[in-house]
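What you see is a predicted model; the values in this text were computed from it and never measured.
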2 protein chains.
Amino acid sequence: MEDGDIICIASTIISKAKGYTRNLKDVIPGDRATRIAEKTGEDPRFIQVVLDQACDVLIETPFTLTEVSCGHVGVRSGVDASNVEDGLVITLPADPMKEAEEIRTEIKDLTSKSCGIIVTDTCGRSFRRGQTGHAIGWSGMSAIRDFRGDSDLFGHTLEITEEAVVDEIAGFANLIMGESNNGVPAVHFRGIPAWTGHNDIYFREGEDVIRKALKKV
Amino acid sequence: MEDGDIICIASTIISKAKGYTRNLKDVIPGDRATRIAEKTGEDPRFIQVVLDQACDVLIETPFTLTEVSCGHVGVRSGVDASNVEDGLVITLPADPMKEAEEIRTEIKDLTSKSCGIIVTDTCGRSFRRGQTGHAIGWSGMSAIRDFRGDSDLFGHTLEITEEAVVDEIAGFANLIMGESNNGVPAVHFRGIPAWTGHNDIYFREGEDVIRKALKKV
Ligand SMILES: Nc1nc2c(ncn2[C@@H]2O[C@H](COP(=O)(O)OP(=O)(O)O)[C@@H](O)[C@H]2O)c(=O)[nH]1
Ligand SMILES: Nc1nc2c(ncn2[C@@H]2O[C@H](COP(=O)(O)OP(=O)(O)O)[C@@H](O)[C@H]2O)c(=O)[nH]1
Ligand SMILES: [Mn+2]
Ligand SMILES: [Mn+2]
Ligand SMILES: [Mn+2]
Ligand SMILES: [Mn+2]
């Protein structure tokens with residue numbers, strides 16, 4: 001480990017290590033979960049877990065799209081039935097920022113090196129097919145590199161340029177991790193130059209026009 | 001150059017090299033551009049270029065979100081007034097798949113090595129603040145790695161796992177490129193293992209629920 005290294009860790013193994021899982025046989029689906037599951041053809045207990053994780057439901061069908069408490073918007077609240085024993089489902093860590101901070105502190109204690117940690121999940125996105133890795137928690141860096149106020153090659157001030165660097169790193173880590181049985185739950189980066197910015201990666205209430213449109217339908 | 005290397009190239013320099021630019025003084029804004037520009041506070045000629053590039057307009061305000069002819073959905077049709085001389089705006093290459101193929105062939109001719117090419121653009125996304133690099137054209141690889149039918153670590157068949165690998169690579173390349181005056185328009189990757197999959201990264205008409213919702217509002 002060196003100062004400035006960045007480690008991406010799949011949320012799924014944090015959840016398994018910390019017990020953020022649910023056993024479907026202990027879940028009793030309510031009316032809403034039953035109604036949604038009838039339309040999507042999924043297990044109503046699975047949908048109940050999805051709803052339990054959600055603080056806001058943006059889409060019910062043909063797939064549930066929800067916001068979870070950390071601010072992340074994801075399909076099925078990020079609940080995952082893969083890479084876990086039969087009957088269990090994996091939920092996202094309740095506070096992924098805290099998980100990242102905890103791991104960073106442990107690594108610091110063990111190695112005396114100051115690294116960055118990104119907790120990742122594989123997520124879909126709008127307008128394009130296919131999933132990519134996203135950052136759902138991070139520590140030791142800011143989520144967004146802020147270029148506002150910088151000049152371009154011709155001396156004009158850039159108007160809007162906030163780069164979601166943590167997602168770009170999480171995406172590449174996700175490629176290295178692979179899915180399914182690859183067995184690579186963490187990726188170690190060295191040599192990424194540091195950046196400055198802020199952590200406001202999630203839109204505030206009312207700022208997100210796509211969410212507003214989904215709510216109106 | 002080695003066989004299997006991947007080169008990401010910023011669309012902006014392809015457009016500048018190929019003349020995919022417009023001079024705003026030659027643009028006469030129509031009614032729709034004038035109406036949108038009044039609401040967004042932008043130059044109506046700039047919006048006219050955005051509309052000229054669009055084959056479908058998903059959102060008009062507070063920012064234009066459009067589909068361009070290659071299938072990519074982007075803010076302001078990807079039209080960019082940064083990193084170019086005053087008065088010019090850069091449009092996306094009309095056929096970024098062809099640009100990628102052309103560059104791949106030229107590199108093959110020059111070096112006899114077979115590499116992959118990804119044409120990138122810096123784009124926003126839904127539900128999260130900040131831009132990331134996206135692939136708008138590629139050659140020598142498939143856009144999506146297809147894990148469907150694979151088994152997870154516990155032997156279950158994965159139901160949905162299509163990984164948009166080209167976007168994950170484009171995102172990381174975008175981080176290395178930086179924005180503004182960084183002056184790094186291309187990034188060379190070595191050692192990414194090959195994958196198999198398909199090129200259907202854009203939803204077909206009617207498949208995209210978020211787009212359907214935007215159209216209804
Ligand atoms: N060694 C090991 N790898 C795992 C385990 N669970 C998941 N992985 C690997 O971690 C990576 C990410 O797993 P995935 O299920 O896609 O997690 P997610 O992207 O966080 O939803 C893949 O390479 C998996 O094979 C585990 O229990 N042990
Ligand atoms: N050397 C050089 N770099 C450029 C030029 N135009 C843009 N770049 C660099 O290429 C990278 C991407 O530029 P950007 O304007 O963000 O392009 P986009 O992401 O394709 O819209 C940045 O590092 C820019 O500084 C150019 O004309 N010459
Ligand atoms: Mn997951
Ligand atoms: Mn994954
Ligand atoms: Mn651009
Ligand atoms: Mn850029």
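The main-chain N or O of A:H134 is never found under 3.5 Å from a side-chain atom of A:D121 such that the two would form a donor-acceptor pair. A donor-acceptor pair under 3.5 Å is formed between the side chain of B:T91 and the backbone N or O of B:Y20.
With chain A as partner, the option from B:D146, B:N83, B:L58 having the largest number of non-hydrogen pairs under 4.5 angstrom is B:N83. Contact count versus chain A (heavy atoms, under 4.5 Å) is highest, among B:T161, B:D167, B:D150, B:N182, for B:D167. Taking B:S151, B:G124, B:S180, B:G171 one by one and counting their heavy-atom pairs under 4.5 Å with chain A, the maximum is reached by B:S180. Taking B:I201, B:T122, B:D200 one by one and counting their heavy-atom pairs under 4.5 Å with chain A, the maximum is reached by B:I201. When each of A:S82, A:A173, A:G71, A:A164 is checked for heavy-atom pairs under 4.5 Å with chain B, A:A164 comes out on top. Counting heavy-atom pairs under 4.5 Å between each of B:I59, B:I169, B:D86, B:T157 and chain A puts B:D86 at the top. Ranked by heavy-atom pairs under 4.5 Å with chain B, the first of A:D208, A:V73, A:V84 is A:V84.
Note on A:R145 versus B:E179: no salt bridge recorded, every NZ/NE/NH1/NH2 to OD/OE distance being 4.0 Å or above. The pair B:E60-B:R35 meets the salt-bridge criterion, with a side-chain N (NZ, NE, NH1 or NH2) lying under 4.0 Å from an Asp/Glu carboxylate O. A salt bridge is defined here as a Lys NZ or Arg NE, NH1 or NH2 lying under 4.0 Å from an Asp or Glu carboxylate O, and B:K215 with B:D56 meets this definition.
Using bins of under 30°, 30° to 60° and over 60° for the plane-to-plane angle, the ring pair A:W138/A:Y202 lands in the tilted bin.
In this structure, chain B has no heavy atom under 4.5 Å from any part of A:A170. Contacts between B:E207 and chain A at a heavy-atom distance below 4.5 Å involve the side chain alone, from C-beta outward. Proximity to chain A (any heavy atom under 4.5 Å) is shown, for B:F203, by both the backbone and the side chain. Both the backbone and the side chain of B:R204 come within contact range of chain A, with heavy atoms under 4.5 Å apart. Neither the backbone nor the side chain of A:I176 has a heavy atom closer than 4.5 Å to any heavy atom of chain B. For chain A, the nearby parts of B:N174 are the backbone and the side chain; heavy atoms of each come within less than 4.5 Å. Contact of A:I210 with chain B is made through backbone and side chain together, with heavy-atom distances under 4.5 Å.
Taking CZ from B:F127 and CZ from A:R125, the interatomic distance works out to 13.0 Å, rounded to the nearest 0.5 Å. Atoms CZ and SG, on B:R128 and A:C123 in that order, are 6.5 Å from each other to the nearest 0.5 Å.
The two residues A:I136 and A:P93 make their nearest non-hydrogen contact at CD1-CD, 4.3 Å.
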